[in-house]
Structures are given as C-alpha cells and as structure tokens.
Amino acid sequence: MHRVSIPLVLVMLFLGAWSVQAQKVGRAEIRDAIHKLKSPNPEEVMTSIQILAASGSTTAVGPLSDLLRTGPRNDITNSIIQALGSIRSKSSTSLLLEYLDHRRPDARTAALFALEGYNDSKIITAFENKLRDSDAQVRSTAALALGKKAGSKSVPILFQAFDRGVYDAVIAIGQIGSAEDAQRLANYLGKMNVAILLPGFEQFLARKAIPNKAKMEILDKLKELAGPDVKKFAVAFKATFPKGTEEDENPLYKKVCRMVRQIAD
Amino acid sequence: MTSEKIAKATRASLIALIVIFSFGAAGEICGSFFETTAAAFGAGFPDNKPEDVKSIVSGLEAPQPAGSVSNSMGVPVAILVVEEDPRAIVAIDLNSGNEIWKITPPVSSQITLKGDLLVFQSGFKIAGHSLKDGQELWTITIDEGWNYHGADLYGDTAVVSVGVGGEEAGAYANGRVIGINAKNGNKRWDNASGGGLLGAPAIHGKYVFVPWDRQKIAVLDAKEGKEICRLRADDYTINFVDASQSGVYFGSAATGTSLSSIFRFDEKAATGTRAGSTMFVPNLEPVPGDPGFKSDAYGRPVAGRSASEKIRFHWLPTVDGASPIAMSDNLFYLHYWRYVVALDSTTSRVRWTYRSGQDIESMRPVPGGVIGVDSDGKIFFLDANSGSEIWSKETGHKVLTATFDANGFRPQGETAAAAADPIIGLKEMMWDKDNRMMPIRAYAAFLIADFPIPEVTQDLLTIYSDASIPKGLRDAVVQALAKRTIGSQYLVKALHMRYDFLEQTQAPPMQVVAPALVNMNDRSAVPGLLTHLMNYETPVEAIREIAFAIDALGDPSVVGTLTQFITLYHADSSFLGHEDALAMAGKGILTHGGQPGEQFVASVRDDFQTLPELKSQLLELLDPEAAAKAEAEAAAQANAAAQADAAAQAEADASEAATEAARRPRSLNRQVISDTIVANQQALKPCVQVALGLNPGLRSIRLKFMITGATGKSSNLQILPSNVPGLKECLEKGLAEIDFPKFKNQRQSALYNIAIQGAAPTPGYNAYPSQPGQPADPDSYGGGFKKPPPGQPQPKPQPQPGQPYDPDSF
C-alpha cells in the first residue's frame with residue numbers, strides 16, 4: 001500500500017548493503033581505495049568508491065569530494081554522491097547541496113537520497129525547492145524525503161505540490177501533517193481518485209500523534225465513499241491491530257471492522 | 001475534373017454547336033458560344049515587345065483619383081447575396097439604409113458590379129442585370145463544366161470571362177473571353193484561348209486586359225477583340241488584373257515565402273521581371289493564409305461563403321505624383337476572418353486594428369474608410385484614420401457574399417475619431433481567446449515587434465510568460481523578440497524570471513534573449529546571464545547563446561563561473577551533442593581569463609574524461625592551426641577511403657552494366673513499343689482529352705517519333721492531325737515520361753496510332769476496329785489504348801486502297 005518509487009528502493013538496498021559491510025573494510029583497504037580514485041581506469045575508480053562507501057570512513061570524504069569537484073563522468077559522479085550519502089559526514093553537506101542543482105535529474109535525485117541522512121536546516125528548504133523542479137522523479141523524491149525529515153511547516157507546500165499532481169506528496173502529508181491536515185486531505189475525497197489519497201490516510205492512521213477522533217473521522221469519510229479500494233484499505237488497516245483486539249474495547253477497531261463488513265467487494 | 005465530366009462537357013459542346021444566337025444590332029455578330037471571331041491567344045504572337053506595351057500605355061486614359069460611385073444613379077450601394085430559400089440578391093442604398101430591390105435568380109457565383117450592370121453566373125448562363133431595378137437584361141448560355149471567372153464594364157462594352165478545367169482537370173484547360181453590348185447582351189466578339197485558362201478580365205478605355213495561364217496578359221482591342229499586345233511574366237505569376245480610374249494594375253500571388261505583389265501596367269512591365277517592373281510588395285513577414293491583393297482571377301468566384309475571400313489584402317488605387325502605385329488614405333488592409341488590420345502603404349506598419357463580432361463576409365476600401373458586411377448582415381463603415389466603426393446598418397439578412405459600389409460614401413454626420421493606438425489593438429489581438437484566430441494572433445506578434453518602442457519588448461515578454469497562451473503564439477513571440485533592437489532594460493529585468501513547476505512560471509526564452517542583449521550591447525545583463533548559465537532548468541539548446549553573450553558582454557569577473565561550469569560538465573553526458581555550448585564557455589575563459597584561463601582550458605582539453613567533441617573544439621580554440629592540420633589529415637584519410645569505395649563500386653557497376661547491355665535486343669519490335677505505351681497510357685490520356693475538347697470530331701491521332709537505344713527515351717515527335725493547338729507539346733511531355741526498353745542500336749523510329757473508340761478504323765498496327773454500327777462515343781476516346789479481346793488477333797497494318805501503308809511517313 002505504501003507507494004515508494006523504485007529508484008528509492010534500489011538506493012536504500014544499496015546503502016543498506018554498504019552499511020552491513022562497513023565494519024569489514026580495513027584501513028589498508030581504505031588507503032588503497034583512496035589511492036585508486038586517481039586511476040585512469042573508470043572501473044577501478046568505481047570499485048574504489050564502493051569500497052569507501054561501504055567502509056563508512058570519514059577519511060574517504062575528502063578524497064571523494066575532491067574527485068567529485070573535478071567533474072567526472074556520469075556514473076562516477078552518481079556513485080560518489082551515493083557514497084557521501086552513505087558516509088554521512090557533515091562536511092559533505094554543502095557539496096551535496098550543490099548537486100541538487102546538477103543538470104542531470106538522476107544526479108539531483110541521488111543528491112536527494114544522499115541528503116536524507118543529514119541534519120541541516122538548509123536541507124529542508126532545499127528539498128522544498130525541489131518540489132519546483134521540472135523533473136517529475138525529482139519532485140516525487142523530494143516529497144517523500146520531506147515526509148521523512150520535515151516538520152509541519154512543509155505541509156502547505158506539499159499540498160501545493162499535490163495540487164499540481166505530485167501525488168507522492170500525499171504520503172509526506174500523512175507523515176508530518178496534523179489532524180487538521182488530515183481533514184483537509186479528506187476534503188479531496190470524491191474529487192479525485194481515492195487510490196491516490198489512501199497512502200496519505202494510511203500514514204495518518206498509523207501515527208500515534210494523531211488523535212483517535214481524527215482517525216475516526218477519516219474512517220467515516222472513507223466509509224461514505226466506500227468502493228473496492230476503500231474496502232481493501234480497510235482490510236489492510238484492520239490487519240494492523242494486534243490479534244485478539246476486541247471491537248468493544250477499541251472504537252477505532254470497531255469502526256474498521258464495521259467498514260470491512262459493510263462495504264461490498 | 002474526371003474524364004467522365006470532360007466527356008460530358010464535350011457532349012454538351014457538340015449540342016451547343018447547333019444553338020444559334022440571334023443578334024440584331026449592326027456590327028454585332030450572330031453565332032454560337034464557341035465561335036472565335038478575332039485573332040487572339042495565338043502561339044506566334046510576340047510578347048514583352050516594348051513598343052507594343054508603350055503603345056498601350058500611351059493609349060490609356062489619364063489617371064484620376066478614386067472619386068465617386070460608378071453607377072448612373074449616383075447612389076452608393078451594397079449588393080448582398082443572402083442565405084434564404086431561394087437564395088436572393090438584395091440591393092441596399094447605403095445613404096438611406098433602405099432596400100432598393102430584391103430578386104431571386106439562381107445565383108451561383110459572386111456578383112460583379114460595375115456601373116449600372118450586375119453580372120453573375122446563374123446555372124448554365126451568365127446573366128446581366130440592371131442595378132436600377134434588378135431586372136435581367138441579358139443572358140449568355142454556357143456549357144456544362146464551364147464557369148464564370150469574372151467580368152468588367154467600360155462604357156457600353158462588357159467583357160465576360162469563362163473557363164473550364166484548370167488544376168483540378170490536370171492538363172486540360174480552356175478559356176473564353178467575350179465582348180458584349182452591356183445593354184442587350186449582343187455579342188461583339190468572342191475569343192478562346194484554345195488551351196490554358198483565362199482569368200477575370202479588366203477593361204480600361206479601348207483595351208481589354210485578360211490574364212492568361214498565370215503567366216501572361218493578353219491585351220485585346222475592346223472593339224473587335226483582336227490581340228494587340230502581350231505581356232509575359234518571367235519570374236512571377238499573374239493572378240489578377242485590375243483597371244480603375246487611376247490606371248491598370250496586375251498582381252501575383254504569395255508563395256508561402258514571398259508576399260503577394262501589385263504591378264503597374266506601365267512601360268517597365270515589358271521587362272517581364274519583378275526587378276524591372278513598377279511593383280509594390282508589403283514589407284511584412286509572410287502572412288498566414290497567403291492573402292492576395294485581389295481574388296484569384298482564374299478561380300470560380302463562388303456565391304456561398306468563401307474562406308479564401310476572408311483572408312485577403314484590400315486596397316484602393318489612387319493617384320499620387322510621388323508614388324506610381326498609390327493607395328487611398330495611404331493604407332492597405334489585411335482582412336482575416338473577423339479582423340481588419342490597416343497597414344501603412346509606405347512603411348507596412350500597422351495603423352489600427354478592428355475586430356468584428358461576426359465573420360466579415362466582404363469588404364472594400366473607399367476613400368476615407370472601409371465598407372464591409374458581416375455574416376449577420378450588418379453593414380459597417382470603418383474610419384480610415386482611427387479604425388473606429390462610425391456607422392452601421394443591420395439589414396437582417398444572413399449574408400453569403402457582397403459587393404459594393406461605394407466610392408465617395410461617407411456616413412452623414414459622422415466625423416473621424418481620434419487615431420487609435422495600434423499597439424493596444426495588436427495586444428488585444430494576441431490575447432484573443434478564439435483559437436480559430438490563432439494564425440493571426442501569432443502574426444500580430446510580428447506586427448507589434450516592428451514598432452520602435454521599448455515597451456513593446458516588455459509586452460512581448462509579458463505575453464510569453466503567461467502560462468495559458470498556446471504554443472503557436474509563444475513560438476511566434478520568441479521569433480518576434482529576436483527582431484527587437486530596443487528595450488534591453490526589459491530583457492535584463494526578464495532575466496529574473498525562472499522556471500517554477502509549482503508557480504507555473506517560465507524562464508525567458510534565453511536562446512532569443514541572450515543574442516538580443518548582445519545586439520543591444522547591454523552589459524548589465526551579465527550577472528543574470530551567468531545565473532541562467534548555471535541554472536539546470538535552462539534548456540541545453542540555449543546554453544551556447546548564453547555563453548556567447550557572456551563572452552561578448554562580460555569581463556574578467558565571469559571567469560570564475562565559466563570555470564565552474566566547464567569543470568562540472570566537461571565529461572557529462574547531458575552535453576553530448578551540445579559540446580559547442582561548453583566550448584563557447586571555454587572561449588569566454590580565453591577571452592577574459594588571461595594566461596591562467598588558457599592553462600585551465602588546456603587542462604580540460606587534456607583531461608582523458610573530457611567529451612571527445614569538446615576536446616577537438618577546445619583544441620581548435622587553443623591552436624587553430626594544429627586543429628586545421630588535424631582536420632585536413634582526417635579529411636584526406638576519409639577522402640582516400642571514399643575514393644577506394646567508389647572505385648570498387650564503379651567496377652561492380654560497370655560489370656553489371658556490361659551484363660545488362662549484352663542482354664538488350666538489337667531493336668524494339670512494334671509489340672514491345674505498343675505494350676510500353678499501353679502500360680503508360682495515363683501519361684498521354686490528358687492530351688487526348690484536351691484534343692477531343694477542342695475537336696470533338698477527332699477520330700485518331702498518329703504519332704511518329706524516335707527512340708534512343710541507350711536511354712529508352714523518345715524524341716522528334718511528329719503528329720497527325722498537326723493543327724490541334726498544344727497537342728504536340730502535350731504529347732511530347734507525356735512521351736517523355738515513358739521509359740521504353742533499352743536496345744543495342746543507336747536509334748530507331750517508331751509509329752503509334754491512338755484510335756478514338758467508336759471512330760472508323762484507321763491504319764496502324766494498334767488500331768482496333770469498333771463494333772459495326774457503333775456511334776462515335778466521346779466517353780471512350782481512350783479506346784485506342786485498349787488491348788484486343790482475348791483470342792482476337794491483333795490487326796496487322798493494311799495498305800488502304802490507293803493509299804499504300806508506309807510506316808515511315810504519315
């Protein structure tokens with residue numbers, strides 16, 4: 001149900017693999033990889049970057065940044081951006097922010113992923129600006145990144161992006177929005193395809209910070225709309241409750257159970 | 001036109017042969033519609049003879065300015081063809097606004113109005129009606145397939161042009177121009193082109209000017225119809241002639257890249273060239289719809305609503321000592337559906353615009369303004385000075401087309417309004433929401449760009465930046481901006497515009513703005529240009545122009561950004577195919593960066609990751625001689641390789657040709673020649689159709705020609721009968737399209753007989769006999785092309801009694 005872009009999944013898996021291997025890379029290997037960053041053989045350079053990323057060593061940040069500043073070819077550029085994102089050294093922040101303005105959308109997307117792990121006030125503003133990007137993938141990635149990092153101040157611009165067709169913004173709104181924002185999102189019901197809105201409601205319903213009253217209102221509005229997508233959503237939401245939950249004990253559970261019973265397939 | 005229609009026309013012409021007109025007036029003739037009575041349109045008549053043209057020009061009456069109405073009532077009138085059942089013609093007195101009369105003849109063409117005479121096509125007749133009461137004065141019967149092309153009147157002589165064929169009938173075309181007594185319709189003379197269309201004529205004093213086949217004007221004596229002068233256009237087409245009090249004019253149509261033109265019939269016209277003639281051509285970009293200065297003289301002027309009539313230039317010739325082609329109020333007008341754009345005839349700049357609520361069906365300039373009528377029947381008058389609609393009259397009719405005799409008409413009590421602001425009018429035109437008007441809306445961008453006012457640059461940028469405008473208009477604005485030479489402050493200001501997906505804003509068209517800033521030499525633009533260079537939203541196609549502008553307008557302060565730019569992208573695939581943009585940035589560094597800049601560019605050139613094409617372009621920048629040498633070496637290598645390939649190919653071709661030549665026959669037999677012609681009969685068929693139209697009694701056409709063995713092409717054609725105008729030339733063209741099989745002998749003669757099916761058998765190896773008793777059938781004139789029925793032996797050439805068959809002579 002949670003809509004996540006394919007590139008995001010691939011990068012997450014890649015970074016995850018690196019972090020698992022991080023402790024296995026020794027100092028000598030890091031030194032050797034740093035040395036080989038200057039190799040005229042692009043394959044050797046690529047391998048070295050992957051080793052350095054997997055090492056997680058901040059010693060690699062300087063050499064990787066230096067190589068990036070020389071303007072290498074596409075694959076090397078993207079790999080370095082990913083590696084710096086994996087290492088998460090604060091000193092890389094400004095360099096990675098520059099690559100949010102690279103001409104290639106895939107380089108901008110890589111920089112967005114890389115910066116997700118960083119904490120800097122400039123990053124949220126930069127991510128918000130990427131909602132203005134001409135490339136749909138960049139906009140979508142920026143919206144999802146804001147859902148992970150931003151606060152409620154970013155909700156208005158996410159709604160603006162949603163109105164312009166950045167549908168992944170609905171997930172971010174669900175992740176960082178307030179009960180009032182959930183109400184605003186519910187106002188779209190009946191005006192556009194419910195399947196686009198459901199991922200946002202899923203996020204709202206999953207958050208402890210959202211009061212049960214607001215969640216009940218969301219379910220009420222969804223039940224009014226009904227339909228197979230809503231039924232499927234209700235079934236999935238019901239499954240998130242612990243086994244043995246009784247309808248009489250939990251009004252939210254009771255409502256979703258009624259939805260499942262009453263909405264036709 | 002299909003062959004069936006032509007055959008019908010031919011049948012009708014045969015019937016017309018027995019129709020005899022009765023003419024009573026002395027000096028006027030009796031005879032059929034198809035009788036030619038004076039020599040004209042002959043093949044041997046000399047053209048462009050300066051002494052002939054001079055004689056005509058000196059015989060023209062002294063030019064007079066456009067004055068008053070041409071009718072004897074002295075009343076300005078509008079003649080409307082209105083959409084009723086049945087269709088009606090209505091005459092309106094413009095002074096009073098009252099209807100003078102209404103008639104309901106079956107009108108099938110536009111109406112020509114001159115003096116007291118209305119002329120139009122009515123079914124198979126050309127009808128002349130009186131302006132005073134609408135009553136029919138006379139008719140001329142024409143054959144099926146023939147159309148009215150136009151008429152003119154001078155004194156009591158009317159000339160009428162009719163035609164058949166044209167582009168839609170392939171090679172077949174014929175035209176007829178007839179001089180008649182305007183009062184009773186008695187024919188005074190009658191002439192046929194014998195081949196080629198004749199357009200709407202114009203008569204001025206004792207001369208009739210007849211446009212002919214889009215290339216010539218035959219000048220006929222108005223009294224007898226005899227041709228006395230001929231003009232031939234060498235490098236333009238002739239699409240209309242026009243005679244008025246101020247002189248005789250003719251014009252050529254627009255071609256898509258060149259605008260339509262007006263020529264004056266003066267002594268210079270004898271040159272036959274645009275450069276040598278007295279000519280007016282608007283100083284404008286090509287106008288959408290390619291409007292002409294008058295309706296196409298060769299087209300059928302339909303009575304219904306006509307799209308071509310709604311995209312036209314209009315003008316009223318007058319006399320001005322300073323200009324040989326002077327226009328009333330120094331204006332000419334572009335009519336585009338519901339718009340009228342008044343243009344200065346000296347500068348071609350817009351003076352005002354007018355938008356009607358409905359489509360304007362017809363309009364005509366008069367001294368001091370424009371009279372027009374819209375499809376809802378509103379007749380209106382536009383003041384020439386302001387473009388204001390200072391008078392209108394609702395007739396209540398749905399109007400199809402109209403014509404006016406309104407020179408001198410000025411609505412009573414109405415005075416000229418203040419001159420309108422053409423810029424406002426053109427902006428309103430661009431913002432028009434009617435997408436049917438899209439071509440003229442886009443064209444308005446070019447018209448407004450012509451004004452030397454700085455704010456126009458801003459106006460164009462404002463329209464460009466509106467997200468809601470259609471792409472066609474946006475593209476036109478971009479092109480119009482490229483022509484601007486003033487208003488740089490607005491371009492610099494526009495550099496602050498950015499693409500923003502959320503706000504739906506656009507960046508300025510940098511590929512246009514950047515070179516325009518260079519033209520205007522505005523150095524304050526450099527910071528903005530650097531920002532757009534680094535902005536990833538800037539289209540890669542615009543980067544080169546931006547880098548060029550930075551190089552041209554910049555100083556050493558630009559080197560840092562240019563260096564950053566090249567460093568970032570010198571190995572990046574986003575510049576594949578656009579390496580020249582990076583190289584231009586490199587040139588900027590060399591211009592402003594001194595020795596360190598040169599070292600940097602050299603380092604980029606030597607970087608193994610640098611895009612290969614960028615490397616070579618930087619090499620050329622840094623060391624042009626070395627680059628030229630390397631290029632020459634590469635070219636020499638490529639040339640050598642190409643020569644080797646060509647030699648190998650030539651050897652293979654020669655071998656193949658020798659094999660093919662060895663297989664060729666020594667000569668072609670009759671069967672092969674006949675089969676080849678039959679297989680390509682479509683190439684000759686139109687010629688037969690024309691010949692049959694001119695000579696319905698034709699029974700066969702004999703062809704004798706040579707065939708060259710090496711090429712299989714024909715030459716030296718001789719035909720019998722040889723007196724059918726244009727037939728030999730037509731058949732030569734047709735035969736030229738036929739490829740006969742090649743043979744070993746150098747040349748051979750060939751004979752072929754085209755027999756008209758239904759005609760008596762004629763000697764010739766492919767003349768097939770018709771069925772006994774079968775009458776001549778013009779529908780089957782292509783019968784000679786048909787193969788004999790299966791099993792039927794092909795007839796052999798037989799000597800006729802007393803006329804021995806000789807294949808080598810006709």
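Side chains are part of it too, since the values below use all heavy atoms of this structure and drop only hydrogens, waters and symmetry mates. In what follows, every chain begins at residue 1, and chains take the letters A, B, ... in the order their sequences are listed.
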Checking heavy atoms, do the side chain of A:L68, its backbone, both or neither come under 4.5 Å from chain B?
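Neither part, no heavy atoms under 4.5 Å.
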Close contacts, residues 98-108 of chain A versus chain B, judged by heavy atoms under 4.5 Å
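So far as heavy atoms go, A:Y99, A:L100, A:D101, A:H102, A:R103, A:R104, A:R108 are the residues that approach chain B to under 4.5 Å.
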Sorted by number, residues from residues 118-134 of chain A in contact with chain B (heavy atoms, under 4.5 Å):
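Within residues 118-134 of chain A, the residues that come under 4.5 Å of chain B (heavy atoms only) are A:K130, A:L131, A:R132, A:D133, A:S134.
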Hey, which residues of residues 597-627 of chain B are touching chain A, say heavy atoms under 4.5 Å apart?
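Within residues 597-627 of chain B, near chain A: B:F608, B:Q609.
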Residues, nucleotides or ligands: over 12 heavy atoms within 6.0 Å of B:E455 CD:
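Yes, enclosed.
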Under 6.0 Å from the NZ atom of B:K483, do we count more than 12 heavy atoms belonging to anything else shown?
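Counting other residues, nucleotides and ligands, NZ of B:K483 stays at 12 neighbours or fewer.
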Which heavy atom of B:A571 sits nearest a heavy atom of A:G71, and at what distance?
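That closest heavy-atom pairing would be CB-O, 3.6 Å.
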Distance-only donor-acceptor pairs under 3.5 Å for side chains of residues 546-555 of chain B, two or more places apart:
unit_1: B:D551; atom_1: OD1; unit_2: B:T591; atom_2: OG1; d: 2.8
unit_1: B:D551; atom_1: OD2; unit_2: B:K587; atom_2: NZ; d: 2.7
unit_1: B:D555; atom_1: OD1; unit_2: B:S557; atom_2: N; d: 2.8
unit_1: B:D555; atom_1: OD1; unit_2: B:S557; atom_2: OG; d: 2.4

Does B:S573 offer a backbone N or O that forms a donor-acceptor pair with the side chain of A:N74 under 3.5 Å?
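A pair under 3.5 Å: yes.
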Looking at CZ of A:R164 and CG of B:L502, how far apart are the two atoms once the value is rounded to the nearest 0.5 Å?
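It is 7.5 Å, given to the nearest 0.5 Å.
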I need the A:T70 OG1 to B:L568 CG distance, nearest 0.5 Å.
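Reported to 0.5 Å precision, the distance equals 10.0 Å.
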Any heavy-atom pair between the side chains of B:F501 and A:D135 that's under 4.5 Å?
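A:D135 does not reach B:F501 side chain to side chain.
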